[in-house]
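Worksheet: one structure, shown below.
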Amino acid sequence: MAGSALALSLLGMFASANSQGAPPQGKAPDPELRGQWLRAGQGFACKVETGKRVTPPDPDVLSFACQRMGALGIGISETSLKAVLGEPHRKLPPANNATNYVYFLGKADQFPYLAATVKANRVTALQISGPAPVAGYSFNQINLGDSTEKLLAQLGSPFHVGPSGLEKTELWTYSPWPFSFEVREDRVTSIRINDPTVTTQ
């Protein structure tokens with residue numbers, strides 16, 4: 001399977017995610033697997049590069065390959081999150097058995113920042129926000145500050161556009177696919193990815 005790629009069609013949900021939203025039996029996502037969402041008709045397919053593997057990747061964790069934001073990804077452990085970013089700068093009160101960690105990636109209390117939702121010691125959502133690009137935190141080749149033209153070229157038109165709750169900012173969603181974007185003045189100002197099997201709201 002050297003240099004091959006697998007296409008995993010996802011019709012609304014991850015094909016292999018279980019009801020807990022984490023890989024079965026406590027399996028962690030494979031850090032070597034990288035994928036990209038490709039528009040496939042009215043939905044998306046997750047195309048995964050398998051590299052120079054001798055054996056096929058574990059299908060139970062394959063679907064997490066497209067839910068990555070740089071070195072971070074949905075399904076990684078809380079320990080793995082802290083190994084990359086350290087202790088959070090802020091820890092918000094738990095809600096729905098989940099805790100939100102906030103990391104400021106530049107100056108304290110200023111953009112850009114990354115919020116990570118952790119439930120049962122697994123990362124179930126990641127959101128990066130700010131007006132300008134941040135190296136190492138792109139998602140599906142989209143970074144903060146990118147134009148809506150680039151976003152449309154990568155993922156196509158959103159399935160719903162509405163107010164985000166922030167002034168002059170729209171929320172572009174592709175539900176039931178697990179990613180969304182905030183857009184202001186034709187620029188991406190926030191990117192959110194999540195595990196669709198876990199309620200984090």
Return each pair, listed once, that meets salt bridge (Lys or Arg N to Asp or Glu O under 4.0 Å) where at least one residue sits in [range]; pairs must be two or more places apart or across chains.
range	result
residues 173-191	none
residues 124-142	none
residues 124-139	none

Handout entry: Over all atoms of both residues, closest heavy-atom pair of Leu171 and Pro163
Key = CB-O, 4.1 Å
Practice task
Could you check if a side-chain atom of Pro112 sits within less than 4.5 angstrom of a side-chain atom of Val134, using non-hydrogen atoms only?
Solution key: yes
Handout entry: Beyond-backbone contact of Leu144 with Ile191, side-chain heavy atoms, under 4.5 angstrom
Key = yes
Problem - Contacts of Arg34 that satisfy salt bridge (Lys or Arg N to Asp or Glu O under 4.0 Å) - sequence neighbours left out - result: none
Exercise for the section: Kindly state each residue pair satisfying side-chain hydrogen bond (donor to acceptor under 3.5 Å, both in side chains) with at least one member in residues 157-172, sequence neighbours excluded. Expected result: Glu170-Trp172
Completion exercise
So side-chain hydrogen bond (donor to acceptor under 3.5 Å, both in side chains) across residues 137-151, not counting sequence neighbours, yields Gln36-Gln141, Asp146-Lys150
About how many Å separate [atom2] of [Y] and [atom1] of [X], when rounded to the nearest 0.5 Å?
X	Y	atom1	atom2	answer
Phe64	Asp30	CZ	CG	12.0 Å
Cys66	Leu38	SG	CG	7.5 Å
Leu114	Leu85	CG	CG	6.5 Å
Thr117	Asp195	OG1	CG	11.0 Å
Phe139	Arg68	CZ	CZ	12.0 Å

Whether [X] and [Y] hold their rings parallel, tilted or perpendicular, with breakpoints at 30° and 60°:
X	Y	answer
Trp37	Phe179	tilted
Tyr103	His89	perpendicular
Phe44	Tyr174	perpendicular

Practice task
Could you go through the side chain to side chain contact (heavy atoms under 4.5 Å, CB included) check for Val84 and Leu72 one step at a time?
Solution key: CA-CA 8 Å; Val84 174; Leu72 305 176; 3.8 Å; yes
Donor-acceptor under 3.5 Å ([X] side chain, [Y] main chain):
X	Y	result
Trp177	Gly43	no
Gln67	Gly35	no
Arg192	Ser180	no

Problem - Residues in side-chain contact (heavy atoms from CB on, under 4.5 Å) contact with Asn97, at least two apart in sequence or another chain - result: Lys119
Exercise for the section: Using the ring-ring contact (aromatic ring centres under 6.0 Å, His included) rule, collect all pairs that involve residues 65-86, keeping only residues at least two apart or in two chains. Expected result: none
Practice task
Please step through side chain to side chain contact (heavy atoms under 4.5 Å, CB included) for the pair Tyr113 and Leu105, ending with a clear verdict.
Solution key: CA-CA 5 Å; Tyr113 70 84; Leu105 304 176; 5.6 Å; no
Let me check something: any side-chain donor-acceptor pairs from residues 73-82 under 3.5 Å, sequence neighbours excluded? List them with distances.
{"residue": "Ser77", "atom": "OG", "partner": "Ser80", "partner atom": "N", "Å": "3.0"}
{"residue": "Ser77", "atom": "OG", "partner": "Ser80", "partner atom": "OG", "Å": "2.9"}
{"residue": "Glu78", "atom": "OE2", "partner": "Lys82", "partner atom": "NZ", "Å": "3.2"}
{"residue": "Glu78", "atom": "OE2", "partner": "Tyr101", "partner atom": "OH", "Å": "2.4"}

Handout entry: Partners meeting side chain to side chain donor-acceptor pair (under 3.5 Å) with Ser190 (sequence neighbours left out)
Key = Gln127, Ser129
Exercise for the section: Report the residues that fulfil side chain to side chain donor-acceptor pair (under 3.5 Å) with Arg90, sequence neighbours left out, ordered by chain and then residue number. Expected result: Asp109
Exercise for the section: Determine, using the 4.5 Å side-chain heavy-atom cutoff (strictly less than), whether Phe159 and Val183 are members of one ILVMFWY cluster. Expected result: yes
